[in-house]
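So the structure is just underneath, and the comments pick up after that.
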Amino acid sequence: MTCLPSYLSGGSSCAALRAFLKSSRRHQPPALPRRHLTLTPTLLRLAEAAAAATPPSAAAFGLPLPSALAGRGSPSPSPPPPPPPPCPPLSPASSSHRCLSSDVSSSGVAGGAGFRPARVVVVAKTTRYEFEQQRYRYAGLSEEDLKQLLALKGSNYTGLLERHHIHTKNVEHVVDSLRNEKIEVRLVKRREYDEETVRWADAIVAAGGDGTMLLAASKVLDRLKPVIGINTDPDRSEGHLCLPVRYTYSFPDALEKLYRGEFRWQWRQRIRLYLEGTGINPVPVDLHEQQLSQEQHSRAHVNGRFQDHKSQISEPHLLPVRSLNEVFIGESLASRVNYKSCKPSFKFSLHRASYYEISVDDGPWEKQKSSGLNICTGTGSKAWSFNINKIANQAVEEILMIAKSYDNLDLPLSKELVQKVTNRYNESLLYSPEEPKMFFSIREPISNRVFSSSRQRGFASKVCIRSRCWDACMVVDGGTSFEFNDGAIASILINTEDALRTVVLEE
């Protein structure tokens, strides 16, 4: 069999293919550190409240229970907090830093009036089949070569092609439904989706899954321009941010409800980011394109085409994206190779910690080391942030067993109680997408006489971070990255003017 074109093999085609795969793996973007399970020190109070079948107070969690968890319907946004005082400097060297005040105001929910756009952009996701095609196109692989390559990697070529056809068919259904209503349509992929395309449209339809919805939302800065998500492969994708699954196959029904006003506007709050300091590079790196070129994150940033944009920015620079889910800050590499001169061996320094200074809501600065910092919206509280902070049944059961061993605590331990405590705590981590506040999580903090972490998680209106990292990045919604190294300062906050207009349709 022919594994690779002869001009790439140089002899044994299969041997060349294995070498090619080995080389490809070396250039894959590094995985983020494993998510860390953290426990609340007030779990016993939570257990006692659960055993008594009474709802615990917000103080029992250290986290305010949002009103949205009670009704789960159409929660009203929280009233805005008073503007915080300015951040105090950590040291004389940092006295020039001005943390931005968070502009939080109430955001109403509209509905009742019909909506009929004249021009719609449909942003279609890149399927895994298309991604693999693009990824190895530079090697001149034929379709048969690609099939054999995927088989060696343990991927099912036939299955990927089948999912691609399902996605394509559902995208065509959406586009045809819009055009049948005399709506002008532009169908674009990731590379073609830019600010000019967004300005042209009256509405954006994200045809894919949650990732496509995040991509479509990131470039929409007009709060009156709605973004609507359609899950084009419901059997393989959850699609929390998309319309109910039935509209994937009956999109004309969704259009009819839009025309008649049988829907509700939902204003999903988003995070805006400012950068200032030394060595700032405001040009974003598309992590999808980086994977296609098989470049390391750090190599993408030191590439000559980005160097021209680096400068010292004394005034806060507003970045051209908004985060619908979360912002992650941390070192790019989970491990670093330290080469010894004149020796054939090398040493691995595993788990490279992220070093930074942080101020929450203009509070005192803290020096911290951790595996990274996650800051999410109410929309993102169900995603990565939830999995960072959630407690497993096993952890709750073991802690309750320790509590039960004390003579002065008679706690009836049962599977029902364990499940009740676990669910109550985990639900406290979630809040409404319409609430103008953020939730921050310090992942695996290091605590000693030098570094502290007085609060590992909690709600905030503003978070300021000064980087002391060597090869760090600030990743927005898992798809866009900014360099964030020593001297860079980020102000992260919620501004209700950035709220994303989305549609809520009933089943």
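The first residue in the sequence is number 1, and the count goes up from there.
- Two residues are said to be in side-chain contact when any heavy atoms from C-beta on lie closer than 4.5 Å; Leu324 and Leu241 meet this criterion.
- A salt bridge links Glu357 with Arg468; the closest basic N to acidic carboxylate O contact falls under 4.0 Å.
- Taking the six-membered ring for Trp and the full ring otherwise, Phe263 and Phe115 have centroids separated by 6.0 Å or more.
- A salt bridge between Asp498 and Arg322 is present, with a side-chain N of the basic residue lying under 4.0 Å from a carboxylate O of the acidic one.
- Taking CZ of Arg455 as the reference point, atom CD1 of Ile358 lies at 9.5 Å (rounded to 0.5 Å).
- Here the straight-line distance linking atom SG of Cys242 with atom CG of Asp210 works out to 5.5 Å at 0.5 Å rounding.
- Remark: the backbone N or O of Lys462 is paired with a side-chain donor or acceptor of Asp361 at under 3.5 angstrom.
- In this structure, the side chain of Ser237 does not engage the main chain of Pro234 through any donor-acceptor pair within 3.5 Å.
- In this structure, Glu196 places its CD atom where more than 12 heavy-atom neighbours from other residues, nucleotides or ligands lie under 6.0 Å away.
- Ionic pairing of Asp202 and Lys225 is not present here: no N-O contact between side-chain nitrogen and carboxylate oxygen is shorter than 4.0 angstrom.
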Check: When you look at Val121 and Val123, which way does the side chain to side chain contact (heavy atoms under 4.5 Å, CB included) test go after all the steps?
Finding: CA-CA 6 Å; Val121 167; Val123 184; 3.9 Å; yes
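- Listed for the Thr248 side chain is no donor-acceptor partner under 3.5 Å among the backbone atoms of Thr232.
- Within the 4.5 Å cutoff, the side chain of Leu243 has no heavy atoms near those of the Asn231 side chain.
- A perpendicular orientation is assigned to the rings of Phe459 and Tyr431, their planes being inclined by more than 60° (bins at 30° and 60°).
- Formation of a donor-acceptor pair under 3.5 Å by the Ser481 side chain with backbone atoms of Val475 is not found in this model.
- Counting heavy atoms from C-beta outward, Glu184 and Val120 have side chains that stay 4.5 Å or more apart.
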Next item on the list: Quick one: do Trp365 and Cys464 satisfy side chain to side chain contact (heavy atoms under 4.5 Å, CB included)? Show the steps, please.
Entry: CA-CA 9 Å; Trp365 287 88; Cys464 299; 3.9 Å; yes
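- Considering every non-hydrogen atom in both Pro117 and Ile183, the closest pair reads O-CG1, 3.5 Å.
- Taking CG from Asn325 and CG from Asp477, the interatomic distance works out to 5.0 Å, rounded to the nearest 0.5 Å.
- Side-chain atoms of Arg272 and Tyr274 form a donor-acceptor pair, as typed in the model, at a separation below 3.5 Å.
- Panel note: side chain Asn495, backbone Glu497; a donor-acceptor pair is recorded below 3.5 Å.
- For the pair Leu178 and Phe251, the minimum side-chain heavy-atom distance is below 4.5 Å.
- Applying the salt bridge (Lys or Arg N to Asp or Glu O under 4.0 Å) test between Glu434 and each of Arg264, Arg501, Arg270 identifies Arg264 as the sole match.
- Atom CZ of Arg236 sits in a sparse spot, with 12 or fewer heavy atoms from other residues, nucleotides or ligands closer than 6.0 Å.
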Notebook entry, point to check: Are Asp233 and Arg163 close enough, and set up right, to give a salt bridge (Lys or Arg N to Asp or Glu O under 4.0 Å), and what steps lead you there?
Noted result: CA-CA 7 Å; Asp233 193 0; Arg163 308 317 303 181; 2.4 Å; yes
Checklist line | Verdict with reasoning, Leu275 to Ile489, per side chain to side chain contact (heavy atoms under 4.5 Å, CB included) | finding: CA-CA 6 Å; Leu275 276 182; Ile489 303 167; over 6 Å; no
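- To the nearest 0.5 Å, the span separating CG on Leu273 from OG on Ser323 amounts to 7.0 Å.
- Note: His164 and His167 have tilted aromatic rings, judged against thresholds of 30 and 60 degrees for the angle between ring planes.
- Here the side chains of Ile204 and Ile228 are not in contact, with every heavy-atom distance at 4.5 Å or above.
- The shortest side-chain heavy-atom distance between Cys473 and Glu483 does not fall under the 4.5 Å cut-off.
- For the pair Thr377/Glu326, no side-chain contact is recorded, criterion being any heavy-atom separation below 4.5 Å from C-beta on.
- Between Glu130 and Lys189 a salt bridge is recorded (basic side-chain N to carboxylate O distance below 4.0 Å).
- Not a single donor-acceptor pair under 3.5 Å links the side chain of Asp471 to the backbone N or O of Glu331.
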Note to self: If you apply the rule salt bridge (Lys or Arg N to Asp or Glu O under 4.0 Å), what do you find for Arg128 with Glu132, and how did you get there?
What the structure shows: CA-CA 6 Å; Arg128 171 73 185 281; Glu132 296 291 354; 2.7 Å; yes
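- Outside the 6.0 Å centre-distance limit, the rings of Tyr355 and Trp470 are not counted as a close aromatic pair.
- Smallest separation of non-hydrogen atoms from Glu276 and Pro316: OE2-CG, 3.6 Å.
- Checked by atom type, the side-chain pair Lys367/Tyr356 shows no donor-acceptor distance below 3.5 Å.
- Using modelled atom types and a 3.5 Å distance limit, the side chains of Arg268 and Thr379 yield a donor-acceptor pair.
- For Tyr425 (side chain) and Ile391 (main-chain N/O), no donor-acceptor pair under 3.5 Å exists by modelled atom type.
- We find that Glu192 and Lys219 are not joined by a salt bridge, their nearest charged nitrogen and carboxylate oxygen being 4.0 Å or further apart.
- Side-chain contact annotation: Asn485 with Ser467, donor-acceptor N/O pair under 3.5 Å absent.
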Item checked: Ile271/Ile494 under side chain to side chain contact (heavy atoms under 4.5 Å, CB included): CA gap, chis, key distance, verdict -> CA-CA 5 Å; Ile271 296 172; Ile494 292 281; 3.9 Å; yes
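- Put simply, the side chain of Asp486 never gets that close to the backbone of Cys469: no donor and acceptor are under 3.5 Å apart.
- Shortest non-hydrogen contact noted between Ala124 and Thr212 is C-CG2, 4.4 Å.
- A heavy-atom distance below 4.5 Å is not found between the side chains of Trp267 and Thr502.
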